[in-house]
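To start, the structure under review is shown below, and the notes come after it.
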Amino acid sequence: MTAWTLLIIAALTAIGFFVGQARAQGLRNAGAASLHSLPAYHGLLMASMALAAAGIATLAVALVAGSDSMIMPAAAALLGTGAIAASHRLITRDFRARNRFEHFVKLVLIACSGVAVLTTIGIVFSVLFETLAFFGEVSPIEFLFGTHWSPTSTPASFGLIPLLVGTLLITFIAVLVAGPLGLLSAIYMAEYSSKKMRGVLKPLLEILAGVPTVVLGFFAALTVAPLIRNTGEGFGLIVASESALAAGLVMGMMIVPLISSLSDDIINAVPQSLRDGSYAMGATKSETIKRVVLPAALPGIVSAFMLAISRAIGETMIVVMAAGLAANLSFNPLAAVTTITVQIATLLVGDQEFDSAKTLSAFALGFVLFCFTLVLNYIALRIVQRYREQYD
Amino acid sequence: MTDTFDKGNAAFIAKRYSSERRFRAYGAAALAISVLFLVYLIADIGIRAWPSFFEHRAVLEVNLDASKIPAGNVQTGDFEGVVRTAFRGGFPGITARSDLKSLTSLLSAGAADDLRQQTVANPASIGTTVKAGVLLADDADLYLKGMLTDTVKTPGKTNLQLAQSGDEFILTGDLSQLAAGQIVRANGGALRIASIEAGLARAEAVMPPVTLNTLAPGTWDILSFSHAEADRRIDDRQVVWLESLRDKGAIEKHFAWRFFTNGDSREPELAGLRGAIAGSLLTLIVTLSLSVPLGIAAAVYLEEFAPKNKWTEIIEVNINNLAAVPSIIFGLLGLAVFINFMGLPRSAPLVGGLVLALLVLPTIIIASRAAMKAVPPSIKEAALGVGASHQQAVFHHVLPLAVPGILTGTILGVARALGETAPLLMIGMVAFIVDVPKGFTEAATVLPVQIFLWSDLPEVAFQSRTAAAIIVLLGILFCLNAVAIYMRKRFERRW
């Protein structure tokens with residue numbers, strides 16, 4: 001039925017346009033030379049009326065009677081035709097069709113920009129409700145401060161701490177790798193490299209940024225993890241086959257382009273006059289960078305790091321494929337740890353029952369993740385904004 | 001002036017210069033590491049993937065027995081049977097049940113598929129004997145690609161006497177070429193060397209030799225392996241059979257078109273990407289048809305019409321935050337809202353497309369706004385000056401000039417959506433799906449999820465398939481990025 005209804009709506013919209021345009025054109029031909037709006041606007045207005053009427057009718061019927069109902073196409077056809085008939089009478093010489101149509105367009109545009117807000121509201125509510133349901137079964141204190149996580153055992157225990165430690169450990173390793181690499185790359189590209197070299201290097205880093213994380217996860221699990229394991233065993237260390245180090249290293253390489261491109265922008269935004277002043281005092285280029293440019297760019301760089309951290313915390317595929325499932329409370333980078341995202345993914349893949357604490361705990365984890373990244377992002381974006389204004 | 005540059009100062013300046021050089025080198029090294037990582041990543045996956053683009057077939061003379069293949073209903077004919085008969089016909093000496101089973105396991109479960117298609121297209125060939133390439137199973141294929149063991153064939157250069165005592169065979173003579181674990185192929189059979197003692201080599205039969213004649217130089221050869229029988233997924237008998245087929249020239253290597261035209265399968269040699277590519281395409285259609293109009297409309301409103309007030313600010317902060325929300329959260333949204341609340345089907349491209357549309361919406365809005373901001377205000381002002389309404393000025397003049405920038409942003413958004421995995425895991429696009437999806441509400445999977453699924457499988461052959469799927473995905477993404485970069489270069493206008 002849905003296909004038929006959509007077809008009817010599309011047809012009515014087209015009919016509305018041609019009827020409206022023809023009617024206005026008829027008026028113009030009949031001597032009404034000073035039509036307020038162009039005939040096409042009369043057509044567009046009628047088309048949008050038909051579309052809106054038929055669309056609203058369809059949605060209303062679908063909500064009340066379900067989308068399989070025979071009433072749906074009928075209602076769409078009826079209301080659409082009605083709208084055309086009603087607006088047909090409106091078309092006169094002085095009718096301000098363009099203004100009406102533009103008003104309609106503006107409403108549509110506003111609705112479209114509202115989708116972003118709706119998405120956020122949708123995220124908050126979908127996660128919040130399930131989280132509250134989860135807290136009905138497990139106390140928030142136990143969830144937030146428990147040191148044992150095993151949702152599938154009986155009795156299940158839902159302690160967040162081991163997941164948090166695992167997430168932060170991997171994130172820490174990632175930032176340890178990506179921080180210096182990304183920042184130094186940005187400095188080199190912004191201050192030292194020629195324009196030509198920049199033109200080659202920037203797309204390369206963009207390619208690295210565009211590599212899907214599932215690919216990086218495969219690489220981490222199949223190449224990096226065995227490499228680390230073999231190297232570690234060469235030194236007589238015990239390395240888990242799914243070590244935090246492997247996941248952290250590859251995740252670090254993933255966020256290098258993020259840090260470097262954000263820092264690059266920020267370093268470029270530092271006014272040349274600051275550098276010139278430093279050179280005039282006899283400083284070398286690296287002294288200028290270290291003592292003038294970087295301190296001036298510091299807030300921006302901090303926010304770049306925060307965005308990178310939030311990205312690493314929320315990254316899923318690399319850790320799903322290369323980090324472990326066992327929730328060990330360990331700070332050892334060579335041990336297997338698990339993260340919040342890994343647990344969400346493993347709990348929700350496959351069939352779920354929405355009334356079990358196991359499924360609901362995934363949403364509680366999602367809530368924690370969302371809050372975490374939201375705070376980081378918000379602060380970071382605020383810093384960037386304020387910083388930009390400072391030099392504009 | 002010169003006296004300020006005393007010796008101490010010169011040393012100080014030298015130190016500062018060397019620190020300058022060091023700092024510069026650090027920067028260059030950091031960039032080099034990132035680029036090398038990218039190169040290593042692609043090379044590593046490429047090397048793993050390469051063998052998967054080829055497959056091995058055994059060329060057989062197959063008798064299309066009319067009693068097994070009814071001319072009226074070719075599709076249901078027992079092609080597996082005739083292919084098996086033809087394959088076994090090449091090894092008349094093998095009669096034991098377990099041996100026959102082991103022999104047939106060299107053939108793929110889909111070995112007869114190609115022949116079936118050929119015969120359906122050409123029913124006249126029923127009852128005749130045709131030459132057909134039949135697909136080998138994954139282990140046989142891996143062996144022939146040299147991925148299970150390195151096999152070295154050395155021709156025998158000396159005279160060896162062969163004798164049998166019970167089940168054991170004794171080789172005497174010049175044993176300098178032999179070593180334990182090797183296989184000696186001679187007199188129509190194959191012997192595995194068990195041990196070498198003073199002056200004699202004890203061997204057991206892999207395939208019993210037909211005669212016990214003396215082995216003259218040139219009539220026998222040695223197969224030696226880098227992996228012993230226990231350490232590989234193919235046993236010595238199968239190796240001997242495959243090598244004899246290879247010696248006869250009955251093994252052919254072809255480009256594995258199957259990899260692109262088949263759906264998923266539990267058999268690595270039959271598994272293909274067609275279902276995943278179709279799923280990705282359907283998902284992207286939904287994503288694009290939603291996110292592009294919505295994104296552009298939102299960008300037009302925020303850039304051109306929105307009053308500067310609290311609401312607008314909330315929307316803008318929102319969009320910037322959404323761009324940085326972890327993708328897995330969008331999966332939770334899809335699961336809770338689209339599947340649980342709205343009751344849309346699980347695993348469907350429709351839901352996947354919806355989730356990805358919300359995911360790439362901020363990217364498209366931000367890119368479109370940037371593109372519109374780059375159009376100089378003078379153009380809009382000129383339109384307004386000759387009497388256009390605000391909307392006419394925007395839709396007739398500003399927006400068309402911003403299209404290249406918007407398209408670039410959209411392509412980058414598509415690239416992001418195409419590589420996204422985590423949210424699709426949440427909404428159940430991880431099912432094992434053999435059929436190619438035909439509609440937006442059918443169960444489907446997408447390329448990155450297929451990669452994830454394959455990477456989880458234990459078979460060695462799937463590792464290579466996974467890498468090959470990654471190469472296909474990266475290929476598509478690079479093309480998209482190249483188009484975006486080209487468009488940016490080609491249509492970028494400096495006003």
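Heavy atoms only: backbone and side chains are in, while hydrogens, waters and symmetry mates are out.
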Leading residue by heavy atom contact count with chain A [cutoff under 4.5 Å; candidates [options]]:
options                       : value
B:H390, B:R22, B:Q392, B:R416 : B:Q392
B:P362, B:A28, B:P293, B:G295 : B:A28
B:V317, B:N321, B:L294        : B:N321

Best-contacting candidate, [options], against chain B by heavy atom pairs under 4.5 angstrom:
options                        : result
A:F125, A:F370, A:F367, A:F129 : A:F370
A:E315, A:M321, A:E287, A:K106 : A:E287
A:S310, A:P212, A:G314, A:G210 : A:P212
A:L222, A:L205, A:I207, A:V124 : A:L222

Could you tell me which residues satisfy side-chain contact (heavy atoms from CB on, under 4.5 Å) with A:L201, sequence neighbours excluded, listed by chain and number? A:M189, A:M197, B:L31, B:V35
Apply side-chain contact (heavy atoms from CB on, under 4.5 Å) to B:F395 and A:V105, showing your working. CA-CA 11 Å; B:F395 285 109; A:V105 169; 4.0 Å; yes
List the steps, then state whether side-chain contact (heavy atoms from CB on, under 4.5 Å) holds for A:T223 with B:R48. CA-CA 11 Å; A:T223 306; B:R48 282 179 200 278; 3.1 Å; yes
Under the side-chain contact (heavy atoms from CB on, under 4.5 Å) criterion, do A:V211 and B:L477 qualify, and how do the steps go? CA-CA 8 Å; A:V211 173; B:L477 290 180; over 6 Å; no
Name the atoms and distances for all side-chain donor-acceptor pairs under 3.5 Å in residues 322-334 of chain B, with sequence neighbours left out.
residue : atom : partner : partner atom : Å
B:S327  : OG   : B:E420  : OE2          : 3.0

